[in-house]
Colleague: 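The following block contains the structure, expressed as structure tokens.
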Amino acid sequence: MEAKQDLSAQGLMTQAKADPKKWGKVPSDSEIAETLKAVQARGIKTILAKDKKEALEKLKELIPAGSAVTNGSSTTLIEIGFVDFLKNGKHGWKNLHEEILAEKDMQKQGNLRRKSVTDTDYFVSSVNAIAKTGELVATDASGSRVTAFPFAAKNLILVSGANKITKDLNTALERIREYAFKLENVRAQKVYGSPRRIGKTFIINIEMFSGRTTLILVKEELG
């Protein structure tokens, strides 16, 4: 049997030639508190979780039974156990992501993926960086993940390790180029056999709709 690949940041670090000392460190409690306060000031609800297990429980509490749920591709969601939990069907939600993957025609699957963003009650994903000044930043190649962030999804839940906190927005964008992209590029070549590129980047500067966006920040290195 083929061994399961380690697609975590730790497993990809050497090949990606990324710098974990600069970009992967969990900051102090005071820095975390400062960041959460800045995020809240931008209209985003915040929840602090001590570890992966608590993060998953907090996430499950946010989504009522009967809700339509889908998620963006995220190593963080895999690491906290959300992806496996969504697949097992024991949650009482409608799993739109499962319906998308069940469609084998790529053109039809793309149409379902676009439609799911507006049909979903809760879109769950992660971010690539969080500025201490409160901005949340995410990027992907095609835009399939960040499409939901601005407006389309009714509710947006973002889960992130505290290691993604940076001193400001410019440093957050630098983290994407110098760390997150390098790791994702290696991961994509292992999984899909092709390299990645930074296609579309989205910055949440202000959330105008009260209660729409929630950040679950985990006091661990994730993603």
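All heavy atoms count here, side chains included; hydrogens, waters and symmetry mates do not.
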Colleague: Measure the shortest side-chain to side-chain distance between Gln109 and Met106 over non-hydrogen atoms and say whether it is less than 4.5 angstrom.
Modeller: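 Result yes, sub-4.5 Å side-chain heavy-atom pair found.
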
Colleague: Start with the C-alpha gap between Lys53 and Lys58, add the side-chain angles, then the distance that decides, and say whether side-chain contact (heavy atoms from CB on, under 4.5 Å) holds.
Modeller: CA-CA 9 Å; Lys53 182 178 179 181; Lys58 297 286 187 183; over 6 Å; no

Colleague: Counting C-beta onward and ignoring hydrogens, is there a side-chain heavy-atom pair between Thr76 and Val218 closer than 4.5 Å?
Modeller: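 No; the side chains remain at least 4.5 Å from each other.
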
Colleague: Using a 4.5 Å cut-off on heavy atoms from C-beta on, say whether the side chain of Phe82 contacts that of Asn71.
Modeller: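 Sidechains of Phe82 and Asn71: in contact.
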
Colleague: Find out if a path of hydrophobic residues (ILVMFWY) with successive side-chain heavy-atom gaps under 4.5 Å connects Val146 to Val117.
Modeller: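 In one cluster with Val146: Val117, no.
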
Colleague: Are Val124 and Leu86 close enough that some pair of their side-chain heavy atoms sits under 4.5 Å apart?
Modeller: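 Heavy-atom side-chain distance check fails, nothing below 4.5 Å.
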
Colleague: Mark yes or no for whether Lys164, through its side chain, and Val127, through its backbone, hold a donor-acceptor pair below 3.5 Å.
Modeller: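 Such a contact is found between Lys164 side chain and Val127 backbone.
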
Colleague: Quick check on the hydrophobic clustering: are Ile47 and Leu156 connected, directly or via other members, by side-chain heavy-atom contacts under 4.5 Å?
Modeller: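 Ile47 and Leu156: separate clusters.
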
Colleague: Okay, side chain of Lys104, backbone of Leu101: is any donor-acceptor separation there less than 3.5 Å?
Modeller: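 Answer holds: yes.
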
Colleague: Quick one: pull up CD1 in Ile165 and NZ in Lys25 and give me the separation to the nearest 0.5 Å.
Modeller: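 Those atoms lie 12.0 Å apart.
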
Colleague: Quick check: does any side chain N or O of Asn128 sit under 3.5 Å from a backbone N or O of Thr139, one acting as donor and the other as acceptor?
Modeller: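 The answer is yes, because a donor-acceptor pair under 3.5 Å joins these two groups.
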
Colleague: Main chain of Ala180, side chain of Arg175: is a donor-acceptor contact present, judged purely on distance under 3.5 Å?
Modeller: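 Judged by distance alone, no pair lies under 3.5 Å.
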
Colleague: Considering only heavy atoms from C-beta outward, does the side chain of Val137 approach that of Leu169 to under 4.5 Å?
Modeller: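 Heavy-atom side-chain distance check passes, below 4.5 Å.
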
Colleague: Should the pair Trp23 and Tyr179 be assigned to parallel (<30°), tilted (30 to 60°) or perpendicular (>60°) ring geometry?
Modeller: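 Tilted.
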
Colleague: Would you find a donor on one side and an acceptor on the other, under 3.5 Å apart, between the side chain of Glu207 and the backbone of Gly43?
Modeller: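 No, Glu207 side chain to Gly43 backbone: no donor-acceptor pair under 3.5 Å.
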
Colleague: Walk me through it: do Lys94 and Glu99 pass the test side-chain contact (heavy atoms from CB on, under 4.5 Å)?
Modeller: CA-CA 9 Å; Lys94 182 180 180 182; Glu99 294 179 7; 3.2 Å; yes

Colleague: Rounded to the nearest 0.5 Å, how far does OG1 of Thr213 lie from NZ of Lys45?
Modeller: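 Separation between the atoms: 11.5 Å.
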
Colleague: Among Val39, Asn163, Ile204, find the residue that satisfies the side chain to side chain contact (heavy atoms under 4.5 Å, CB included) test when tested with Ile130.
Modeller: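 Option passing the side chain to side chain contact (heavy atoms under 4.5 Å, CB included) with Ile130: Val39.
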
Colleague: Under 3.5 Å, side chain of Lys154 to main-chain N/O of Thr120, donor-acceptor pair present?
Modeller: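 Here the side-chain-to-backbone pair does not exist.
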
Colleague: So does Arg177 pair up with Glu174, basic N to acidic O under 4.0 Å?
Modeller: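 Salt bridge absent between Arg177 and Glu174.
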
Colleague: Would you kindly confirm whether Leu217 and Leu222 end up in one hydrophobic cluster when ILVMFWY residues are joined by side chain heavy atoms under 4.5 Å apart?
Modeller: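 No, Leu217 and Leu222 fall in different hydrophobic clusters.
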
Colleague: Going by an N to O cut-off under 4.0 Å, is there a salt bridge joining Glu79 and Lys52?
Modeller: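 Not counted as a salt bridge, because no side-chain N and carboxylate O are separated by less than 4.0 Å.
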
Colleague: Check this for me, if you would: do Glu135 and Arg42 make a salt bridge, where the nitrogen-to-carboxylate-oxygen distance has to be below 4.0 angstrom?
Modeller: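 Arg42 and Glu135: salt-bridged.
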
Colleague: Could you tell me whether the side chains of Ser116 and Asp119 share a donor-acceptor contact shorter than 3.5 Å?
Modeller: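 There is no such pair (donor and acceptor under 3.5 Å, judged by atom type) between the side chains of Ser116 and Asp119.
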
Colleague: Assess the residue pair Lys219 and Ile32 against the criterion (side-chain contact (heavy atoms from CB on, under 4.5 Å)); give the C-alpha distance rounded to whole Å, side-chain angles, the decisive distance to 0.1 Å, and a yes or no.
Modeller: CA-CA 8 Å; Lys219 293 174 67 174; Ile32 290 173; 4.0 Å; yes

Colleague: I need the minimum non-hydrogen distance between Ser160 and Ser126, along with the two atoms involved.
Modeller: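 Heavy atoms of Ser160 and Ser126 come nearest at CA-OG, 4.1 Å.
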
Colleague: Honestly curious: do Leu62 and Phe149 fall in one hydrophobic cluster under the side-chain, below-4.5 Å linking rule?
Modeller: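 Result: no, two separate clusters.
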
Colleague: Show your reasoning for whether salt bridge (Lys or Arg N to Asp or Glu O under 4.0 Å) applies to Lys37 and Glu34.
Modeller: CA-CA 5 Å; Lys37 185 176 180 181; Glu34 174 191 347; over 6 Å; no

Colleague: Which heavy-atom pair separates Ile216 from Ala49 by the least distance, and what is that distance?
Modeller: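 Smallest interatomic distance, heavy atoms only, reads CG2-CB, 4.3 Å.
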
Colleague: Report yes or no: do Ile203 and Phe123 belong to one cluster of Ile/Leu/Val/Met/Phe/Trp/Tyr joined by side chain heavy-atom distances under 4.5 Å?
Modeller: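 No, Ile203 and Phe123 fall in different hydrophobic clusters.
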
Colleague: Does Trp93 offer a backbone N or O that forms a donor-acceptor pair with the side chain of Ser67 under 3.5 Å?
Modeller: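 Flag not set: sc Ser67 to bb Trp93 has no pair under 3.5 Å.
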
Colleague: Looking at Asp121 and Asn155, what are the two nearest heavy atoms and their distance?
Modeller: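 Scanning both residues completely, I find the closest heavy atoms to be O-ND2, 3.0 Å.
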
Colleague: Check for a donor-acceptor pair, side chain of Thr214 on one end and backbone N or O of Thr46 on the other, with a separation under 3.5 Å.
Modeller: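 No.
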
Colleague: Is the count of non-hydrogen atoms from other residues, nucleotides or ligands lying under 6.0 Å from Met208 atom CE greater than 12?
Modeller: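 Counting neighbours around CE of Met208, 12 or fewer heavy atoms of other residues, nucleotides or ligands fall under 6.0 Å, so no.
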
Colleague: Is Leu158 close to Ile44 at the side-chain level, that is, under 4.5 Å between some pair of heavy atoms?
Modeller: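 Side-chain contact under 4.5 Å: no.
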
